Amino acid sequence: MKARLDDISRKTIARFGLKLLFALIFAALGKGAFLLVASYWLSLYGTVTAVVGVIAKDRMAERSFNHWDEVLWLTTASLALLVLHRNL
């Protein structure tokens with residue numbers, strides 16, 4: 001079964017992927033521990049995205065993915081990288 005996403009959801013997923021890619025690139029170019037630096041970048045992106053969600057007055061229970069879903073994904077990815085860093 002093929003899932004059908006609306007344009008807003010596709011753009012949200014693309015933004016998340018782009019932020020994830022940039023966090024990994026900046027972490028690779030940085031001088032610190034890769035996973036830790038990537039985690040910090042993702043948490044920074046999550047904070048900025050939360051501010052944008054407040055300014056845009058997004059609601060959490062919408063039919064489309066929005067900034068709040070992206071904040072959740074960024075926070076989850078950031079915490080996962082932090083846990084990996086501390087356990088390796």
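In what follows, every heavy atom counts, from backbone to side chain, and hydrogens, waters and symmetry copies are set aside. Just so we're clear, the structure is a prediction, and the values are computed from it rather than from any experiment.
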*Relative to each other, are the rings of W41 and F26 parallel, tilted or perpendicular (30° and 60° limits)?*
tilted

Grouping ILVMFWY residues whenever side-chain heavy atoms fall under 4.5 Å, the cluster of W68 otherwise contains V54, M60, V71

Using atom types as modelled and distance alone, determine if a side-chain donor or acceptor of T12 lies under 3.5 Å from a backbone N or O of F65. yes

Measure the [atom1]-[atom2] distance between [X] and [Y] for me, rounded to the nearest 0.5 Å.
| X | Y | atom1 | atom2 | result |
| --- | --- | --- | --- | --- |
| R10 | S64 | CZ | OG | 10.0 Å |
| K19 | L44 | NZ | CG | 10.0 Å |
| L72 | T76 | CG | OG1 | 4.5 Å |
| L42 | F22 | CG | CZ | 13.0 Å |

*So, do T49 and R15 sit near enough that their side-chain heavy atoms are less than 4.5 Å apart?*
no

message: Any heavy-atom pair between the side chains of W73 and I13 that's under 4.5 Å?
response: yes

Quick check: is [Y] connected to [X] through a chain of hydrophobic side chains (ILVMFWY, heavy atoms under 4.5 Å apart)?
| X | Y | value |
| --- | --- | --- |
| L29 | L21 | yes |
| L35 | Y45 | yes |
| L20 | F34 | yes |

Which residues share a side-chain hydrogen bond (donor to acceptor under 3.5 Å, both in side chains) with [X], sequence neighbours left out:
| X | result |
| --- | --- |
| D58 | H67 |
| S78 | S39 |
| S9 | D6 |
| T47 | none |

Shortest non-hydrogen pair, V37 vs A27, comes out as CG1-CA, 3.7 Å

A38 and L24 have their tightest heavy-atom pair at CB-CD2, 4.2 Å

Only distances under 3.5 Å count here; give the side-chain donor-acceptor pairs of residues 81-88 to other protein atoms, sequence neighbours excluded, each with its distance to 0.1 Å.
unit_1 : atom_1 : unit_2 : atom_2 : d
N87    : ND2    : V83    : O      : 3.1

What do you reckon, is CD1 of I25 surrounded by more than 12 foreign heavy atoms closer than 6.0 Å?
yes

